[in-house]
Amino acid sequence: MASSVSAAAKASAAFTHKKELAAATAPAPTQHRAGTGRRTKACRVRAVASPARAPRAPASTGSVKTAMTMTEKILARASERAGLEPGENVWVDVDVLMTHDVCGPGTIGIFKKEFGEDAKVWNREKVVIIPDHYIFTSDERANRNVDILRDFCMEQNIKYFYDIKDLSNFKANPDYKGVCHVALAQEGHCRPGEVLLGTDSHTCNAGAFGQFATGIGNTDAGFVLGTGKALLKVPPTIRFVLDGEMPPYLLAKDLILQIIGEISVSGATYKSMEFVGSTVESLNMEERMTLCNMVIEAGGKNGVVPADETTFKYLEGKTSVDYEPVYSDAQARFFSDYQFDVSKLEPVVAKPHSPDNRALARECKDVKIDRVYIGSCTGGKTEDFLAAAKVFLASGKKVKVPTFLVPATQKVWMDVYSLPVPGSGGKTCSQIFEEAGCDTPASPSCGACLGGPRDTYARMNEPMVCVSTTNRNFPGRMGHKEGQIYLASPYTAAASALTGYVTDPRDFLM
Amino acid sequence: MAAAAAPSVVATTAGASTAVLSPRPAPASAFLRRTYVTSHRHPTLKCRRAGPLTPAAAAAAAGGSSPSSAVFHGEVFVVGDNIDTDQIIPAEHLTLVPSKPEEYRKLGSFAFAGLPSAAYPTPFVAPGEESTRYTVIVGGANFGCGSSREHAPVALGAAGARAVVAESYARIFFRNSVATGEVYPLELADAGAWKECKTGDVVTVDLGNSVFINHTSGKEYKLKPIGDAGPVIEAGGIFAYARKTGMIASKAAA
């Protein structure tokens with residue numbers, strides 16, 4: 001059943017959902033090449049269901065192309081196919097393969113077992129190896145795993161290995177970066193139109209750059225190491241249209257928690273999630289990353305945001321590799337469409353124990369908390385710390401519970417200590433955090449987002465209630481099985497730290 | 001489906017395994033499949049294909065392979081919906097490297113260690129043991145959601161489970177199960193089976209007939225056919241399957 005967008009917008013609900021199995025929706029502008037200006041936002045008129053057509057054999061000249069979504073186009077190009085459809089299995093050329101200290105050793109083991117002890121990786125410049133998960137620990141196996149990565153990188157002459165040797169002082173390691181997904185972006189390994197695979201579920205983070213990025217296991221990664229190819233099933237795309245001006249108390253984390261709460265933890269299983277609309281266009285790259293980062297929490301295969309000026313500007317000076325963005329065709333078929341009027345949304349949290357257990361932050365104001373954690377690929381980037389600082393600045397008071405800050409990478413750590421916070425009269429985030437009584441920003445890594453070895457900084461070793469800017473809150477996620485984790489935006493996390501209860505950031509920002 | 005893009009694809013006739021490069025002889029596997037008294041297998045079951053091999057057909061979709069006819073008997077371990085990878089194998093154990101035999105076994109001992117004891121009073125692996133008494137795991141929707149950690153299906157397989165029977169799977173867990181060959185990720189045709197099963201019930205999983213039987217309750221449940229993923233798991237995972245069918249570009253030993 002079709003209805004016009006204007007009717008939907010008038011509806012009191014903040015969103016509408018239409019299941020589109022027929023062709024054609026919005027009259028989005030034609031494809032963009034890099035640098036040819038941004039797409040104009042038009043009132044989207046939906047097509048009334050088009051009449052059914054008898055199937056026709058595709059033209060053999062290759063001059064007729066089926067309309068495809070961004071994800072389909074990326075996979076088509078990577079598999080050298082003129083066209084393809086969701087459900088097809090295709091062999092793609094992989095542009096970048098990433099692994100880290102938790103899955104790298106296992107991947108390397110499989111690679112050597114299957115391709116031979118003396119085998120060489122398919123391309124020493126396309127493998128990026130980033131220790132980040134269990135770094136600042138005395139756990140011997142964890143330390144050994146970083147050594148295994150190093151041995152392999154030396155043997156294979158891997159170009160990009162962000163090594164760490166001195167665990168007592170992260171700054172003494174010039175190559176070390178920190179959290180892999182943020183490092184990939186900061187070091188210019190994410191490029192529009194490419195295929196990026198990583199041995200980590202949050203690899204979908206890179207979809208913010210308009211590329212196909214998804215997580216795979218050790219065995220698949222071992223295969224890619226040897227051949228540079230992967231067999232992937234083309235996912236259909238669910239499109240999320242986010243329009244409206246972003247309220248000053250909302251962040252991308254609120255948007256994605258809203259979406260996951262809407263469709264559930266399996267709502268996007270085997271599907272691609274495409275984020276478009278004026279709100280998305282207004283987001284900076286780090287906010288777009290937050291959006292795509294949690295696609296996996298809805299079961300999604302990958303997330304994409306179309307590349308635009310914001311993307312190109314971010315990439316300037318970071319990469320010397322040419323790239324060519326792709327965009328969904330106007331006539332592309334989407335599995336379903338969701339529309340959100342962002343101006344009507346409120347700060348949300350995901351209550352224990354599921355990322356889709358959505359609730360309004362203000363409705364949880366009686367939940368007493370024991371600590372706050374700000375960090376991880378999802379919520380430990382520079383923008384996330386600037387956001388938290390904004391709330392502490394607005395309050396001027398001290399936190400009521402231990403507040404742990406774990407910058408994702410060395411670069412983020414340096415930003416926290418050097419960037420002036422707007423409206424603070426030149427103070428840095430670190431100064432504001434110190435005045436608010438937060439813990440000193442810790443060494444950059446994944447930290448306690450996933451618990452880790454027992455001595456991991458900020459690990460939850462007893463049952464307690466934590467508001468966290470991380471990505472999962474399943475039982476035991478941050479260490480203790482009876483721990484209660486409320487996922488939230490940096491604004492909400494900071495506000496909660498100030499009161500000792502789950503708190504809507506409007507209490508401080510308005 | 002064009003074979004052009006595939007690595008070293010070789011059309012082979014049924015049974016033969018000629019390859020562009022000679023495949024490595026299978027080394028003494030770190031993952032020797034344990035034979036259980038309770039599991040029955042047709043000894044002659046091998047991958048048989050009717051025609052030229054294409055990678056897509058081999059690894060997943062289009063038909064051609066013989067259907068799996070494995071049968072497993074044993075006790076069942078029951079879990080509910082949305083069992084995530086942190087519950088299957090808590091992150092603190094991820095320092096164990098699955099490709100090292102000693103650590104592979106240790107991973108098995110920690111399988112399902114993350115399940116809250118209040119909801120799951122019977123542990124999957126008894127204290128002091130390294131493997132499980134449960135051959136089959138029954139679950140609800142979205143089994144294996146969360147992380148891409150391959151340690152999850154590996155822990156279950158290393159502990160001794162042979163099959164998971166669930167309503168649906170998270171995609172990375174499904175893919176990892178097939179790629180490693182550690183457990184069969186079987187899908188129930190209908191919802192609700194886990195609510196009718198109790199941990200310790202005696203069950204049979206019959207792949208040939210696509211049925212899951214709970215002898216203790218007397219109930220039977222239809223399974224969706226495992227399809228092309230079956231031969232891959234039977235062969236011991238994607239690499240073993242690819243070697244057997246001659247499609248992998250592997251380096252010859254020494």
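Since we're looking at a predicted model, the values are computed, not measured. Lettering follows sequence order; numbering is per chain, from 1.
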| task | For the residue pair A/Phe111 and A/Phe115, categorise the inter-ring angle as parallel (less than 30°), tilted (30 to 60°) or perpendicular (more than 60°). | result | tilted

| request: Using non-hydrogen atoms and a 4.5 Å limit, figure out which bit of B/Leu94 sits close to chain A: side chain, backbone, both or neither. | output: both

| said: Which atoms of B/Phe174 are under 4.5 Å from chain A, going by heavy atoms: the side chain, the backbone, both sets, or neither? | reply: side chain

| Checking heavy atoms, do the side chain of A/Tyr134, its backbone, both or neither come under 4.5 Å from chain B? | side chain

| field | Contacting moiety of B/Pro90, where chain A heavy atoms sit under 4.5 Å | value | neither

| query | Taking only heavy atoms into account, what residues of residues 197-207 of chain A are found under 4.5 Å from chain B? | reply | A/Thr199, A/Asp200, A/Ser201

| message | Between A/Ser266, A/Gly300, A/Gly476, who has the most heavy-atom pairs with chain B when the cutoff is under 4.5 Å? | response | A/Ser266

| Side-chain donor-acceptor contact under 3.5 Å, B/Gln87 with B/Asp84 | yes

| said: So does A/Lys301 get a backbone contact from the side chain of A/Thr214, meaning a donor-acceptor N/O pair under 3.5 Å? | reply: yes

| Does the side chain of B/Asn82 pick up a donor-acceptor pair with the side chain of B/Asn142 at under 3.5 Å? | yes

| query | In terms of heavy-atom pairs under 4.5 Å, which option from A/Thr269, A/Asp220, A/Leu84 contacts chain B the most? | reply | A/Asp220

| remark: Assert top hit (heavy-atom pairs under 4.5 Å, partner chain B, pool A/Arg459, A/Glu140, A/Glu297, A/Arg454) equals A/Arg454

| Which portion of B/Ala119 sits near chain A, non-hydrogen atoms under 4.5 angstrom | neither

| remark: Assert top hit (heavy-atom pairs under 4.5 Å, partner chain A, pool B/Leu115, B/Ile172, B/Thr180, B/Val97) equals B/Val97

| message | Which atoms of B/His93 are under 4.5 Å from chain A, going by heavy atoms: the side chain, the backbone, both sets, or neither? | response | neither

| note | Ranked by heavy-atom pairs below 4.5 Å to chain B, first place among A/Pro475, A/Ser264, A/Gly451 goes to A/Pro475

| said: Can you tell me if B/Lys106 has over 12 outside heavy atoms packed within less than 6.0 Å of its NZ? | reply: no

| query | Relative to chain B, which segment of A/Asp139 carries a heavy atom at a distance below 4.5 Å: side chain, backbone, both, or neither? | reply | side chain

| query | Do any N or O atoms from the side chain of B/Glu103 and from the backbone of B/Lys100 form a donor-acceptor pair under 3.5 angstrom? | reply | no

| query | Under 3.5 Å, is there a donor-acceptor pair between the side chain of A/Asn145 and the main chain of A/Pro105? | reply | no

| field | Flag for A/Thr219-B/Glu150: side-chain donor and acceptor within less than 3.5 Å | value | yes

| If you tally heavy-atom pairs under 4.5 Å against chain B, which of A/Asp101, A/Thr456, A/Val265 wins? | A/Val265

| query | Can any side-chain N or O of A/Thr378 pair as donor or acceptor with the backbone N or O of A/Thr470 at less than 3.5 Å? | reply | no

| request: Under 4.5 Å heavy-atom distance to chain B, tell me which part of A/Ser354 shows up: side chain, backbone, both or neither. | output: neither

| query | Hey, does the Lys NZ or Arg CZ of A/Lys229 hover above the aromatic six-ring of A/Phe223, less than 6.0 Å from the centre and inside 45° of the axis? | reply | no

| Highest number of heavy-atom pairs under 4.5 Å with chain A: which of B/His151, B/Arg149, B/Arg171? | B/Arg171

| Distance only, no hydrogens: is a donor on one side chain within 3.5 Å (strictly under) of an acceptor on the other, for A/Ser376 and A/Arg472? | no

| task | Decide whether A/Asn302 and A/Ser272 meet the rule of one side-chain donor and one side-chain acceptor closer than 3.5 Å. | result | yes

| query | Is there a donor in the side chain of B/Glu234 and an acceptor in the side chain of B/Tyr241, or the other way round, less than 3.5 Å apart? | reply | no

| field | Distance-only donor-acceptor check, side chains A/Thr137 and A/Asp455, under 3.5 Å | value | yes

| message | For A/Ile296, which atoms come within 4.5 Å of any heavy atom of chain B: side chain, backbone, both, or neither? | response | side chain

| Segment of B/Leu96 engaging chain A (4.5 angstrom heavy-atom cut-off) | both

| request: Would you tell me whether A/Asn471 and A/Arg477 have side-chain atoms, one donor and one acceptor, within less than 3.5 Å of each other? | output: yes

| field | Max heavy-atom pair count under 4.5 Å with chain A, selected residue of B/Ala170, B/Gly146, B/Ala179 | value | B/Gly146

| query | Heavy-atom distance under 4.5 Å to chain B: side chain of A/Ile148, backbone, both or neither? | reply | side chain

